[in-house]
Amino acid sequence: MPAFSLKLPPPFEEAVKSMEREIMRFLVRSTGDRDDAMDLFQETWLRAYRAYPTLQSEDGLRPWVFRIASNLCRNRARDRMRRGRVIASESVDDARPAAGGQACFNLNGGPEGALHLKRAIARLPGKQGQALMMRKFAGLEYTEIADALECSAESARASVYQALKKLRLEE
């Protein structure tokens with residue numbers, strides 16, 4: 001008999017209920033579009049449901065679901081790029097920083113600050129943006145981010161650091 005025991009994952013319905021809000025928030029922030037996020041949300045849980053019996057332990061549940069969601073976001077973006085139908089929700093002028101070259105990342109400044117932050121995060125390279133959102137908005141630990149992005153914890157930490165560094169340079 002082993003000296004330790006693995007805690008089995010909870011019933012699927014409990015897993016969904018415990019994580020659905022944070023997964024939806026992650027998807028909305030990743031896609032920038034509520035309809036896309038809803039599609040990916042449903043697909044995330046459908047794929048999780050199909051593979052749920054293979055999950056061995058509760059410990060890996062959260063990063064595993066985030067990995068599914070993250071992969072779906074990447075696939076969606078890649079498919080759109082391939083088809084050449086990238087839908088731009090903002091004009092080139094809107095993507096530039098505010099007057100004087102300063103981007104306003106102060107969320108206390110209201111909707112304008114939130115829009116600047118959203119646009120700045122959208123410009124980050126894939127893993128950096130996803131790692132930053134998982135860490136700062138979803139509260140995942142670096143090991144969980146590493147599991148979700150299929151990289152090392154050091155790489156996840158470096159991605160968050162680089163993302164924050166790029167955002168600060170735009171301020």
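Ring geometry for F26 against F66 counts as perpendicular: the plane angle is over 60°, on a 0 to 90° scale with 30° as the lower cut.
In terms of heavy-atom proximity, L132 sits nearest to A163 at CB-CB, 4.0 Å. Nearest heavy-atom pair across E58 and L8 is CB-O, 3.8 Å. Taking all atoms of both residues into account, the shortest heavy-atom contact from M19 to R62 is SD-CA, 3.7 Å. Taking all atoms of both residues into account, the shortest heavy-atom contact from L164 to K136 is CD1-CE, 3.9 Å. Across every non-hydrogen atom of Q162 and Q128, the tightest pair is CB-NE2, 3.5 Å. The minimum heavy-atom distance linking A131 with A156 is given by the pair CB-O, 4.2 Å.
Here the CG-OG distance, from D147 to S152, works out to 11.0 Å after rounding to the nearest 0.5 Å. Of the inter-residue distances, the one linking T44 atom OG1 with Q42 atom CD reads 10.0 Å to the nearest 0.5 angstrom. Between the CZ atom in R135 and the OG atom in S159 there is a gap of 13.0 Å [rounded to 0.5 Å]. Rounding to the nearest 0.5 angstrom, the gap separating the CG atom in L27 from the CE atom in M133 is 9.0 Å.
Between the side chain of E14 and the main chain of P11, no donor-acceptor pair closer than 3.5 Å is present. No donor-acceptor pair closer than 3.5 Å links the side chain of E150 to the backbone N or O of A148. Not one N or O on the side chain of R67 forms a donor-acceptor pair closer than 3.5 Å with the backbone of L149.
Annotation: side chain of I121 is not in contact with side chain of R29 (no heavy-atom distance under 4.5 Å). The side-chain heavy atoms of I145 and Y142, taken from C-beta on, include a pair separated by under 4.5 Å. Using a 4.5 Å cut-off on side-chain heavy atoms (C-beta onward), M134 and S70 make contact. At a threshold of 4.5 Å between non-hydrogen side-chain atoms, the residues E154 and R157 do not count as touching. The closest side-chain heavy-atom distance from R47 to N71 is not below 4.5 Å.
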For this session: Determine, stepwise, if the pair D39 / T31 fulfils side chain to side chain contact (heavy atoms under 4.5 Å, CB included).
Result: CA-CA 11 Å; D39 290 344; T31 63; over 6 Å; no

For this session: Take R76 and L40, measure what side chain to side chain contact (heavy atoms under 4.5 Å, CB included) needs, and give me the verdict at the end.
Result: CA-CA 9 Å; R76 171 83 43 111; L40 294 176; 3.5 Å; yes

For this session: Apply side chain to side chain contact (heavy atoms under 4.5 Å, CB included) to L61 and Y52, showing your working.
Result: CA-CA 9 Å; L61 176 63; Y52 203 72; 3.7 Å; yes

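Other residues, nucleotides and ligands contribute more than 12 heavy atoms inside 6.0 Å of the CZ atom of F12. Within a 6.0 Å sphere centred on CZ of R34, other residues, nucleotides and ligands contribute 12 heavy atoms or fewer.
In the hydrophobic clustering of ILVMFWY residues, with side-chain heavy atoms under 4.5 Å counting as a link, Y49 and I23 come out together. Side-chain heavy atoms closer than 4.5 Å link hydrophobic residues (I, L, V, M, F, W, Y) into clusters, and following such links, even through other members, never connects V16 to L46.
Salt-bridge annotation for E13 and K17: absent, with no side-chain N of the basic residue lying under 4.0 Å from a carboxylate O of the acidic one.
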